[in-house]
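Working notes, structure below.
All values below come from the heavy atoms of this structure, side chains included, with hydrogens, waters and symmetry mates left out. The structure presented is a predicted model; accordingly, all values stated were derived computationally and were not measured.
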Amino acid sequence: GLVPLDGLNLGGSSMTDAEVKTALENNADTNTVTDAQLTDIATISAKQNQLTAGSNITIVGDVISASISGGVSDITVVENVTELRAFTVAPSDGDLFHIKGHTVEGIGDGLIKWVNSSTETDNNGTYFKATTITTGRFIRVLDCANEVDIEMFGGYASSTFESTPAYDNALDYLVSIGGGQLLFPFRGDDYFIVTEAQYLTRDYSNIVIKGSGKNRTKIFIDSSGYQQTTGRGVFVNIGSGTDGLTIENLDVLVDEAAIQNAFVYGFVCSQVGDFKNIKVTNVKFRNEAKADSELGVTFFNLYRDVLDTNDTDFVENVTIKDNDVAIYGNSIYGIHTLRKVIGASIKNNIIELKAYVGASQSYNAIGWYGDSERFIIKENILVSSGHAPIGASMCRFSVISDNWVYATSDANSNTETGIEIERKATHGSTGNGSNSMDVHGNHVFNCPTGIWVTHRGTDIAGNNTKDIWIHHNFIYD
């Protein structure tokens, strides 16, 4: 029954075929070893670092025992978390179990430890409660305490399997321990997530949501049935106080074909409070709006439902870089702000907005409004049938440079200008005009006005748009 395993990694060192053979033949029931049991040994050893060179391995039924430093550890192999919850008698404190998969074999597998004293809430990923045992929990053994993947919580890539509970539970776990990474492994299919009726807000401080790359990790957001009065479809809703959130290396596809009069966001920060150090990079964002859709769709939205008249809430240090965005519909934005943002870098994004036939309007590929300062919009490619591909209102001490801006020439285009710098009273709390801005090196195509500096709204002494340096731009009809 022994099958040689080339360079089997058992813990901190590599056991040769001969060492594996010797370890097994030192035990009485060597002749009963099956190929499946050898696979279990390899899986447990390589992933959990339980065995080292020279270990003795015993297999009796479903129990694998290994002599390791500090004594003998028994690892019981079980099929899934359902078997763990079916235990009616508490295991001994410290007993180890290997689950072949959370729900599906090979997905969400790993080492589990029984802890007698634990009373943690069952979160279906890192803590599991046996149904009839009050005290004591099965606790997942993690290689890194602050790194989990969605498969550990029962999610997996399938266009027909909903991974929403796994997504929520994994994020709640990371929030509870003060942050960490949530990984979406590449499996060749979409992760299917349904937005909650009232979209969830969290303090995402120190959390990274990470896939394995654009065009590899794909997350499908189903917001079907949403109405503007009951909620919004959203993938990440950034809660007040968040300091340090990164989203990177994945695709987000929103299907809002069935939604009417709703708002759908990829990433949104619309709550009262301060937010710092937000980063979205290497994300591909698409929607599937139909020709009769009436949606407001935005890739990244820093917005306040009610304008902050006291100018006390702000967003600080935002990076939006290397993203690929295409949105089709009505009342659409690429990147939109309507609150005070201090320090932002918007670089090397590709953003395309297209209004459908009969749509009333689309807006900015990048719309930066609301008493913001010290930002740079640079080296982006922007294609839009909206009002202005780049709009900055009531902004200060900032740079817009080296962007390629295209207005579509289709019948639905309502583009008035390529780059707009303005003061508009509804875009900020103080009425400050835009000032001290450098606009250079931009290429603007097919816009009735290439660059427009304007002052709109009630005059406020000393707060007009001023000190705008426009130089070395290229305007093409």
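Atom CD of Glu248 and atom NZ of Lys321 lie 11.5 Å apart (nearest 0.5 Å). Atoms CD1 and CD1, on Ile278 and Ile238 in that order, are 4.5 Å from each other to the nearest 0.5 Å. Interatomic distance, Ile112 CD1 to Leu96 CG, rounded to the nearest 0.5 Å: 10.0 Å. Of the inter-residue distances, the one linking Asn403 atom CG with Asn348 atom CG reads 10.5 Å to the nearest 0.5 angstrom. Between Lys113 atom NZ and Leu142 atom CG the span is 12.5 Å, to the nearest 0.5 Å. Once rounded to the nearest 0.5 Å, the distance linking CD of Gln181 with CD1 of Ile209 reads 11.0 Å.
Heavy-atom minimum distance, Ser163 versus Gly155: OG-CA, 3.5 Å. Summarising the geometry of Asn123 relative to Tyr127, their closest heavy-atom pair is OD1-N, 3.0 Å, with the distance given to 0.1 Å. Considering every non-hydrogen atom in both Ala344 and Val341, the closest pair reads CB-CG1, 4.2 Å. When all heavy atoms of Phe375 and Ala392 are compared, the closest pair comes out as CZ-CB, 4.4 Å.
Using a distance-only test at 3.5 Å, with no hydrogens or angles considered, a donor-acceptor pair links the side chain of Arg286 to the main chain of Asp324. Although no hydrogens or angles enter the test, the distance criterion places no donor-acceptor pair under 3.5 Å between the side chain of Thr337 and the main chain of Leu302. Proximity of a side-chain donor or acceptor of Asp122 to a complementary backbone N or O of Asn124 within less than 3.5 Å is detected. A donor-acceptor pair under 3.5 Å links the side-chain atoms of Asn364 to the main chain of Ala388, judged by distance alone. Side-chain atoms of Asn446 come within 3.5 Å of backbone N or O of Ala407 as a donor-acceptor pair. In this structure, Arg140 contributes its side chain and Gly125 its backbone to a donor-acceptor pair below 3.5 Å. Here the side chain of Asn169 pairs no donor or acceptor atom with the backbone of Asp172 at under 3.5 angstrom. A distance-only check finds no donor-acceptor pair linking the side chain of His102 to the backbone of Gly110 [under 3.5 Å]. Side-chain atoms of Thr319 do not come within 3.5 Å of backbone N or O of Lys279 as any donor-acceptor pair.
Within the 4.5 Å cutoff, the side chain of Arg202 has no heavy atoms near those of the Ile207 side chain. Side chains of Leu171 and Tyr204 form a contact here, defined as non-hydrogen atoms less than 4.5 Å apart. Within the 4.5 Å cutoff, no side-chain heavy atoms of Leu182 are placed close to those of Tyr173.
A side-chain N or O of Thr217 and one of Ser212 form a donor-acceptor pair less than 3.5 Å apart. A donor-acceptor pair shorter than 3.5 Å cannot be found between the side chains of Ser118 and Glu120. A donor and an acceptor atom, one from each side chain of Asn380 and Asn349, are located under 3.5 Å apart.
When the shell of 6.0 Å around NZ of Lys214 is examined, it contains more than 12 heavy atoms from other residues, nucleotides or ligands.
Partners of Phe138 by ring-ring contact (aromatic ring centres under 6.0 Å, His included), not counting sequence neighbours, listed by chain and number: Phe87, Phe97, Trp114. Evaluation of the ring-ring contact (aromatic ring centres under 6.0 Å, His included) rule for Phe445 yields Trp404, Tyr406, Tyr476 as partners, not counting sequence neighbours. Taking the ring-ring contact (aromatic ring centres under 6.0 Å, His included) definition, one finds that Tyr156 meets it with Phe161, sequence neighbours left out.
A salt bridge between Asp322 and Lys347 is absent, with no side-chain N of the basic residue lying under 4.0 Å from a carboxylate O of the acidic one.
Evaluated for a ring-ring contact (aromatic ring centres under 6.0 Å, His included) with Phe184, the options Tyr191, Phe220, Phe153 yield exactly one hit, Tyr191.
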